[in-house]
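The block underneath contains the structure these notes are about, expressed in structure tokens.
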There are 2 protein chains.
Amino acid sequence: MGNENLVFEKYLQSKGLKLTQPRKIILNAAFATHEHFDVDGLYDQIRKKQKDVSRATIYRTIPLLVEAGLIKQSLRCLAKDHYEHIYGHGRHLHLICEKCGKIIEVESKETENILNKLAKKHNFNIKEFNVGAKGICNKCQK
Amino acid sequence: MGNENLVFEKYLQSKGLKLTQPRKIILNAAFATHEHFDVDGLYDQIRKKQKDVSRATIYRTIPLLVEAGLIKQSLRCLAKDHYEHIYGHGRHLHLICEKCGKIIEVESKETENILNKLAKKHNFNIKEFNVGAKGICNKCQK
DNA sequence: TTCATTCTGAGAATAAATCTCATTCTCAAT
DNA sequence: ATTGAGAATGAGATTTATTCTCAGAATGAA
């Protein structure tokens with residue numbers, strides 16, 4: 001376990017908000033898996049542990065986690081919103097299989113550098129990268 | 001006007017489908033603007049011209065246009081799905097302003113090459129690129 | 001024309017995300 | 001410890017984009 005809790009608390013303090021019990025639970029659930037997650041996934045995971053947090057609170061907490069720089073919204077690949085944590089993880093890009101939904105994560109400093117270069121040219125202040133491709137994965141090609 | 005009509009007709013024929021009046025209207029609306037568009041945008045645009053096509057038909061036709069390689073879904077940046085046409089346009093990546101919603105389109109062969117290289121390494125068959133970044137544009141920084 | 005198939009519009013249905021509001025919690029000041 | 005003001009929560013209603021259903025209309029080959 002990293003120190004996401006600390007980061008989150010700091011962020012909340014800076015906004016005059018509180019690190020409450022439900023928010024802690026949601027934060028931990030979000031960081032419990034190293035996969036991508038969605039609201040329903042968090043909800044189920046929390047309920048399995050006999051904790052009790054409403055969907056509404058999850059929906060309300062996610063933007064805070066994004067703002068705090070702890071998670072980001074993933075490339076859209078399905079109907080509902082998906083997120084991944086970015087705190088303590090190198091940036092990566094995604095190859096998303098259209099058949100089985102599998103997400104392959106790949107490191108690529110190069111892409112990031114290019115985007116940074118282009119952004120500078122347009123005087124654009126990048127907050128978040130979104131790089132990836134959809135297609136058919138190894139297995140599903142057969 | 002390019003020959004999107006022809007491309008679409010060929011695609012439909014290959015699937016045993018027909019290039020009907022509503023489908024023509026939707027195709028033309030999609031290619032009438034060089035901006036990104038969404039379902040409601042198309043619907044309004046079509047109604048302004050006294051034509052009559054239902055939302056349901058637009059929703060049904062869009063996947064066909066995607067399959068035909070004429071349009072693609074854009075990087076998610078808002079609540080609803082957005083599309084852009086790709087037929088007759090070079091690939092580009094997007095810098096999306098989180099404040100004003102402006103989309104800056106940038107050419108970058110480099111990024112494409114890198115993604116192709118990485119995909120090959122993973123034996124992944126790329127169908128569609130999605131490259132971009134969110135942040136704050138030039139104007140909104142002030 | 002006939003027949004099988006495909007299309008369409010209208011509105012119902014679904015599902016994710018947001019909002020409302022009454023209640024509960026939190027914490028600094030007393 | 002108590003209080004009070006503001007923040008947070010849960011439950012369910014609401015909104016909004018998208019998909020589905022179905023009866024009728026269009027299409028095109030035989």
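Values reported hereafter were calculated over all heavy atoms of this structure, with side chains retained and with hydrogens, waters and symmetry mates removed. Chain A is the first sequence line, chain B the second, and so forth, proteins listed ahead of strands; every chain is numbered from 1. Everything numeric in this text was worked out from a predicted model, so none of it was measured.
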Q | Under-4.0 Å side-chain N/O to phosphate OP1/OP2 contact, A/Arg55 with C/dA17 | A | no

Q. To the nearest 0.5 Å, how far apart are SG in B/Cys140 and CZ in A/Phe124?
A. 9.5 Å

(Q) Rounded to whole Å, how long is the line connecting atom NZ of B/Lys15 with atom C1' of C/dT5? (A) 17 Å

Q. B/Arg23 CZ to D/dA26 C1': how many Å, rounded?
A. 12 Å

**Q.** Toward the 5' end of DNA chain D, by each residue's nearest nucleotide, A/Thr61 or B/Asp40
**A.** A/Thr61

(Q) Side-chain N or O of B/Thr20 versus OP1/OP2 of C/dT8: is the shortest distance under 4.0 Å? (A) yes

**Q.** Under 3.5 Å donor-acceptor, A/His85 side chain and A/Ala30 backbone
**A.** yes

Q | Check: B/Val39 main-chain N/O paired with B/Arg55 side-chain donor or acceptor under 3.5 Å | A | no

Q) Below 4.0 angstrom from OP1 or OP2 of C/dT18, is there any side-chain N or O of A/Arg60? A) no

Q. Would you say B/Tyr59 reaches D/dT19's phosphate, i.e. side-chain N/O to OP1/OP2 under 4.0 Å?
A. no

Q: Supply the atom-to-atom distance B/Lys72 NZ to B/Asn130 CG, rounded to the nearest 0.5 angstrom.
A: 4.0 Å

Q: Rounded to the nearest angstrom, tell me the gap between atom NZ in B/Lys51 and atom P in C/dG9.
A: 13 Å

Q: Establish, with yes or no, whether the OP1 or OP2 oxygen of C/dT26 is under 4.0 angstrom from a side-chain nitrogen or oxygen of A/Lys18.
A: no

**Q.** Separation of C/dA10 C1' from B/Ile58 CD1 (nearest whole Å)
**A.** 14 Å

Q: Can you tell me the distance, in whole Å, between the OH atom of B/Tyr83 and the C1' atom of D/dA17?
A: 10 Å

Q. Rounded to the nearest Å, what distance is computed from the CG atom of residue A/Leu17 to the C1' atom of nucleotide D/dA5?
A. 15 Å

Q: Identify the heavy atoms of A/Thr57 and A/Val53 that sit nearest to each other, and give their distance.
A: CB-CG1, 3.9 Å

Q. In whole angstroms, how far is the P atom of D/dA25 from the CD atom of B/Gln21?
A. 19 Å

Q. B/Val53 side chain: which of D/dT18, C/dG9, D/dT9 is closest?
A. C/dG9

Q | Gap between atoms OH and C1', on B/Tyr43 and D/dT16 respectively (whole Å) | A | 16 Å

Q.
Considering every strand and a 4.0 Å limit on heavy-atom distances, what is the contact class for B/Asp52: base, sugar-phosphate, or nothing?
A. sugar-phosphate

